[in-house]
Amino acid sequence: MLKRVLIANRGEIAVRIIRECLDSSIEAVSVYSTADSQALHRIIATRAVCIGGPRASESYLHIANLIEAAKATGCDAVHPGFGFLSESSDFARSCEAAGLKFIGPSSQVIDAMGNKAAARRMMIEAGVPVVPGSDGAVTSEKEAVAEAERIGYPVLLKASAGGGGRGMRKAFNTEEVRKGFQTASQEAESCFGNGEMYVEKLIENPRHIEFQILADSRGNVVHLGERDCSIQRRNQKLLEEAPAWGLSEQLRCQMGEAAVKAAKICGYENAGTVEFIVDKDEHFYFIEMNTRIQVEHPVTEMVTGVNIVKEQLRIASGLPLSFEQKDITMSGHAIECRITAEKVFENFAPCPGKIDFIHFPAGAGIRVDSALYNGCEISPYYDSMVAKIIAKGESRLEAVRRMRRALEETVINGVQTTLPVQHLLMYQQDFLRGGYDTGYIEAHLKELLSIYEAAGGRNESI
Ligand code: ADP
């Protein structure tokens, strides 16, 4: 097994990974910025190294400082978590060059999957269904228009290097393609340093269903079933659940096989997620592969009983998967709410601040992944997600009831959060029925906020 792992991240995912290292008798080395000197991930690690200033570019995104910290502390591996450098092939390459095991796929695989236009091509070769679209990148506005006309409107203009919904524009006609192409390409250039674009058919209000895969260094690949992540606001997930409600067993099998094929064709190693969208007629299409652990991995852990981070550490140690596909079953139902510190009445603007008092729920079927504690500071420098509350039940209804109860028990004083919106969601008929699509939040958010406001939410003291 690995002996000492550097966790190149912060917040709840760093805490999650540190805990798993310690449980596996692996020493955990934290890195922290000067803004995070009192952060939980620094406090609970075996050792902690300050790697720079508060801006992510000076610390959590600073490859040279991270590598130096890993070498200085005698680490044999690096876990990148999610966000920050988790999908940076440069970081994976730097780890490889320094003789550090990068806990994830190789830098070549990250490169191959990081360019979405190239990944599409690879999936077509593997026989994995992709959304009808351009064959690779389009290099000009004129070419984008020609492709859009060939594919048929509406289309989605997407950045090859895109992520988090950035560099993406819907277009319903030629004029919108022209406008969208320039702005999306510029956005991608400034966010990702790569303005390359491609065109896909816009599948209107699909479901977002993704498959968790695990692959060892010997070519064994299994999938751990799916998650439904259709509850999204501006392409950002607010809630995830496993299994996906109403998905037929036949479709689940087909999608699972496609996910495994996708991982095999690129020579994948470690944990990853194959994302699909599913249309009203139950056609499914590959959209991208995330080459890292995901925020929503706990729902899969709750229903399969597989500890994904533990498996990541085992795989990185060179051990084979300890199970085969036939050993994986999903039992019960799990839901996760991503709680972010945001002002919901101010277009979800981040709401950093000091936590005066916090109380998290517990009891049967409840799990909380968070790095918050009484008196801690939520920094303005980083992502606003502060906690994940996960509820599991034998049935979906029991999971919903437990989630209602868990959210009611939770107290977070000092900052505003999205929790009341997620709590209201637990009572909405369309949500309870399941099978909602990615258009649900856009269509209902105003209504949810007005209910919250009518109940006095806007004036709630913080
Ligand atoms: P990102 O990396 O920015 O998250 P994705 O390719 O995963 O980009 O897309 C984000 C979201 O956009 C998906 O969850 C899905 O809801 C939506 N989406 C992506 N491609 C399409 C498409 N062709 N048609 C409709 N919706 C799409």
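Counting starts at 1 for both ligands and their atoms, following the listed order. No experiment lies behind these values; they were computed from the predicted model shown.
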Pull out every atom of ligand 1 sitting under 4.0 Å from any heavy atom of Gly165, numbered as shown with elements. 1 (P), 3 (O), 4 (O)
Show which atoms of ligand 1 fall inside a sub-4.0 Å distance from at least one heavy-atom site of Lys201. 22 (C), 23 (N), 24 (N)
State, without any angle test, whether Glu398 and His333 hold a side-chain donor-acceptor pair at a distance under 3.5 Å. no
In this structure, atom 14 (O) of ligand 1 is nearest to the protein heavy atom His208 ND1, 2.5 Å
Exercise: do Glu196 and Ser160 side chains pair donor with acceptor under 3.5 Å: yes
among protein heavy atoms, the one nearest atom 10 (C) of ligand 1 is Met168 CE, 4.0 Å
Any nitrogen or oxygen of Arg166, side chain or backbone, less than 3.5 Å from one on ligand 1? no
In ligand 1, which numbered atoms sit nearer than 4.0 Å to a non-hydrogen atom of Leu202? 24 (N), 25 (C)
Heavy-atom nearest neighbour in the protein, as seen from atom 8 (O) of ligand 1, with distance rounded to 0.1 Å: Lys116 NZ, 3.0 Å
Would His444 and Gln428 count as having a side-chain donor-acceptor pair, cut-off 3.5 Å? no
Please lay out, stage by stage, how Arg433 and Gln429 fare under the test side chain to side chain donor-acceptor pair (under 3.5 Å). CA-CA 6 Å; Arg433 255 187 232 115; Gln429 272 191 28; 2.9 Å; yes
Going by the 4.0 angstrom heavy-atom rule, the piece of Ile203 near ligand 1 is both
Tell me, which protein residue and heavy-atom name are nearest atom 15 (C) of ligand 1, and how many Å apart are they? Ile277 CG2, 4.0 Å
Show the atoms of ligand 1 that are less than 4.0 angstrom away from any heavy atom in Glu288. 1 (P), 2 (O), 4 (O), 5 (P), 7 (O), 8 (O)
In terms of side-chain heavy atoms, does Ser88 have a donor or acceptor partner in Asp90 at a distance below 3.5 Å? no
The atoms of ligand 1 lying under 4.0 Å from a heavy atom of Gln232, numbered in the order shown, are 14 (O), 16 (O)
Give a yes or no answer on whether the side chain of Asn290 reaches the backbone of Ile293 with a donor-acceptor pair at less than 3.5 Å. no
Return yes if a side-chain donor-acceptor contact under 3.5 Å exists between Gln294 and Arg227, otherwise no. yes
The answer for which part of Asn235 has a heavy atom under 4.0 Å from ligand 1 is side chain
What distance separates Lys116 NZ from Glu275 CD, expressed to the nearest 0.5 Å? 7.5 Å
Under a 4.0 Å N-O cut-off, is there an ion pair linking Arg314 with Glu311? yes
Protein heavy-atom partner closest to atom 18 (N) of ligand 1 - residue, atom, separation in Å: Leu156 CD2, 4.0 Å
Under 4.0 Å from a heavy atom of Glu275: which atoms of ligand 1 are those, numbered in the order shown and with their elements? 7 (O)
Distance-only donor-acceptor check, side chains Tyr382 and Ser33, under 3.5 Å: yes
In terms of residue, atom name and distance, what is the protein heavy atom nearest to atom 23 (N) of ligand 1? Glu200 OE1, 2.8 Å
What residue and atom, counting heavy atoms only, is the protein's closest point to atom 20 (N) of ligand 1, and at what distance? Lys158 NZ, 2.9 Å
